[in-house]
Amino acid sequence: MKKLIVIIIFVLSLQSVVGQIEQDKVLHFLGGNLYGLVGAGVANEISEGNRTWTFIGAVGGSLLIGLAKESIDQHQYGGWSNEDLLATVSGGITVGVTIDIFKKKKQRKRAQLYKNATTTANVSYQKIFPKETIKINSLLVLGMSTTVLEK
């Protein structure tokens, strides 16, 4: 119950903060999310699933697009904004942390499934061979009786 009250108070306090954030910063944050996701995907493929490089890829992708956007703004409008760059990189950091949390959860789940499968499996079994060798017939393979041949 205490957790629920804390969450409600936190959400209500965020409502006043969201009203103070400029729309431009929100768009930079979303752009950082998008390009951070792309960077994380590329880094994940290149590093074969290394968590550190996936996070670095998310931050790097958002930083790269943020620098490109601010350099375009500097050239066209004559204004570089470090706050916009920070909002873009914050979006990439958010994606990197989120991917890391869910990836770790998935790895823990797989490890638990593997542990459950190996501990409950009966690996000691006894091989029983037939006492007499049966001539394998094509009818036996099909599941038909050999009495068909006798008629």
Straight-line distance of Asp84 CG to Phe29 CZ, nearest 0.5 Å: 14.0 Å
Smallest separation among heavy atoms of Ala43 and Gly57, with atom names: CB-CA, 3.7 Å
CA sep, side-chain torsions, deciding dist, call: Leu30, Asn33, side-chain contact (heavy atoms from CB on, under 4.5 Å): CA-CA 5 Å; Leu30 291 175; Asn33 279 332; 4.0 Å; yes
Separation of Gln74 CD from Ser81 OG (nearest 0.5 Å): 11.0 Å
Glu48, CD: over 12 other non-hydrogen atoms inside 6.0 angstrom: no
Donor-acceptor contact below 3.5 Å, side chain Lys103 vs main chain Gly49: yes
CA sep, side-chain torsions, deciding dist, call: Ile101, Val97, side-chain contact (heavy atoms from CB on, under 4.5 Å): CA-CA 6 Å; Ile101 289 170; Val97 169; 3.8 Å; yes
Tyr35, OH atom: more than 12 neighbouring heavy atoms under 6.0 Å: no
Closest non-hydrogen atom pair, Ser62 against Gly92: OG-CA, 3.4 Å
Partner residues of Glu45 under the side-chain hydrogen bond (donor to acceptor under 3.5 Å, both in side chains) criterion, sequence neighbours left out: none
Connected via hydrophobic side-chain network under 4.5 Å: Leu67 and Ile93: yes
Separation between CD1 of Ile99 and OG1 of Thr54, rounded to the nearest 0.5 Å: 7.5 Å
Interatomic spacing from NE2 in His28 to CD1 in Ile65 - rounded to 0.5 Å: 10.5 Å
Test log, rule side-chain contact (heavy atoms from CB on, under 4.5 Å), inputs Trp53 and Asn44: CA-CA 7 Å; Trp53 283 108; Asn44 188 36; over 6 Å; no
Pairwise distance CG(Leu63) to OG1(Thr88) - rounded to 0.5 angstrom: 9.0 Å
Listed once per pair and sorted, the salt bridge (Lys or Arg N to Asp or Glu O under 4.0 Å) pairs that draw on residues 60-79, sequence neighbours left out: Lys69-Asp73
Atom pair OG1/CG of Thr94 and Leu37 - distance to nearest 0.5 Å: 12.0 Å
